[in-house]
2 protein chains.
Amino acid sequence: MATAATARLILFVALVTGSSGSAWAAQKKEDVAAAPAIHALRPMVGSGGDLGVSCDSWRLAVEANNKRNWKTVPASCEDYVGHYMLGKQYRRDSAAVVDEAVAYAEGLELAGNGTEVWVFDIDETSLSSLPYYAKHGFGTKLYNATSFNEYVLEGSALVLPETQRLFRKLISLGIKPVFLTGRTEDKRAITVANLCHQGYSGWMELLLKPVGFKGTAIAYKSGERLKLQDAGYIIVGNMGDQWSDILGVPEGGRTFKLPDPLYYIG
Amino acid sequence: MATAATARLILFVALVTGSSGSAWAAQKKEDVAAAPAIHALRPMVGSGGDLGVSCDSWRLAVEANNKRNWKTVPASCEDYVGHYMLGKQYRRDSAAVVDEAVAYAEGLELAGNGTEVWVFDIDETSLSSLPYYAKHGFGTKLYNATSFNEYVLEGSALVLPETQRLFRKLISLGIKPVFLTGRTEDKRAITVANLCHQGYSGWMELLLKPVGFKGTAIAYKSGERLKLQDAGYIIVGNMGDQWSDILGVPEGGRTFKLPDPLYYIG
């Protein structure tokens with residue numbers, strides 16, 4: 001990781017200072033048009049340069065649904081993920097998604113009869129488990145259902161403020177929020193308390209998974225969305241931090257994938 | 001952008017040096033477990049901090065299909081996109097996707113009768129138009145069909161070496177590559193020549209869009225994939241740089257989204 005960090009350091013030093021102290025920084029846009037730099041894309045032979053593990057690339061592959069079924073964050077990316085989550089970038093990335101969602105919602109023509117709903121996942125979408133993951137290696141350790149459930153039962157998960165901004169905007173527009181979570185039905189009371197305590201109110205439904213449900217997250221969640229649709233609701237939006245939150249028919253009018261480099265649910 | 005760059009500079013300086021010269025860097029993991037830092041996620045009021053346009057967040061939103069139907073790269077991100085494309089990160093991000101694809105392909109159990117195929121888009125998937133975009137503002141200018149078609153007809157697009165690595169691996173495994181492109185049929189000869197010249201050979205089919213085709217990219221491409229399926233082929237993989245390359249039934253056994261911050265095709 002030091003190599004990647006060093007390369008990025010040089011990158012950002014160059015960005016900030018406009019320094020031409022490196023070959024990279026010396027490539028002004030006008031020179032680029034003359035195109036010799038393009039040859040950086042030629043096949044690399046031998047040792048292959050420094051295309052080693054890049055936590056940036058790993059995270060992007062996760063977010064674009066290229067990297068699937070992973071059990072843990074690569075050990076070498078623990079600090080990277082921690083810094084990402086605790087620094088401003090996670091917040092900024094979340095804000096960019098919510099900005100899109102707000103613009104989309106504001107542009108909708110509503111039927112005016114209150115049938116439009118918006119589906120929200122809970123963990124890492126509406127509430128943050130970051131305090132838990134900060135104590136448990138930022139995703140580098142195998143998921144421990146016992147200790148995570150203990151955390152959930154504390155009811156102390158924190159608001160994700162960008163999502164809450166969208167949630168409130170939707171209510172003001174007349175679109176009804178529905179929570180749809182992989183948390184099981186036996187956690188209803190603590191989940192309601194946690195959501196309320198963190199400033200959420202006015203949701204239409206809170207759908208929790210039946211205890212003992214067999215099947216994938218996609219099967220469960222798309223099945224619940226189908227029930228909403230069959231009940232006459234129009235799912236105009238669908239937001240989650242996992243692709244399994246938002247894939248599966250019916251997806252809803254539009255899906256929004258919030259960042260989550262901490263864990264994967266298939 | 002300077003503000004974002006400065007913040008990231010501080011971030012990476014801290015990463016590299018382990019400096020505790022900033023409040024951020026002083027947050028050691030052990031301290032984090034004690035959790036005060038989590039409060040950075042609390043709602044911001046007033047001026048809202050420095051959550052302005054972040055080209056990093058913009059690119060992530062594009063790659064995760066949150067940002068859609070955009071016409072141009074934000075003007076303020078021209079340098080960012082140029083640096084991304086010409087530097088090592090684009091290559092690294094592409095390599096991470098291809099690594100996943102190779103691992104997936106190697107893990108497949110093939111029928112042994114040559115029915116498995118893998119669909120590749122061409123522009124920004126198999127061949128790179130980067131020399132064109134480097135001369136035209138890295139996506140910050142509106143798409144100009146005339147000048148881009150002139151570029152295509154030069155037949156000078158460059159190989160994307162990570163994709164070619166996958167392409168060759170698939171052939172060695174007995175999976176047949178199929179090119180499926182939004183380029184129109186009248187560009188068949190120059191497209192074949194360009195692909196050959198850049199080291200591609202051994203594809204099963206090259207499917208180009210009929211001249212005058214009306215309909216979306218998703219409709220065209222999923223329709224062609226359906227024809228392949230109806231002809232008895234099993235689409236085990238599907239790779240493109242646009243979500244419209246890979247969404248739409250049938251998607252194929254697994255989809256792979258290569259990075260492309262230059263343009264959007266809906």
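Chain letters run A, B, ... following the sequence lines, proteins first, then strands; residues in each count from 1.
With a threshold of 4.5 angstrom between heavy atoms, B:Thr255 approaches chain A through its backbone and through its side chain.
Looking only at heavy-atom pairs under 4.5 Å with chain B, the residue among A:His136, A:Arg254, A:Arg165 that has the most is A:Arg254.
Looking at A:Asp56 and B:Arg92, their side chains never come closer than 4.5 Å, going by heavy atoms from C-beta outward.
Here the CD atom belonging to A:Glu251 is positioned 7.5 Å from the CG atom belonging to B:Leu247, to the nearest 0.5 angstrom.
Of residues 61-72 of chain A, those residues with a non-hydrogen atom less than 4.5 Å from any non-hydrogen atom of chain B are, in numerical order, A:Glu63, A:Ala64, A:Asn65, A:Asn66, A:Lys67, A:Arg68.
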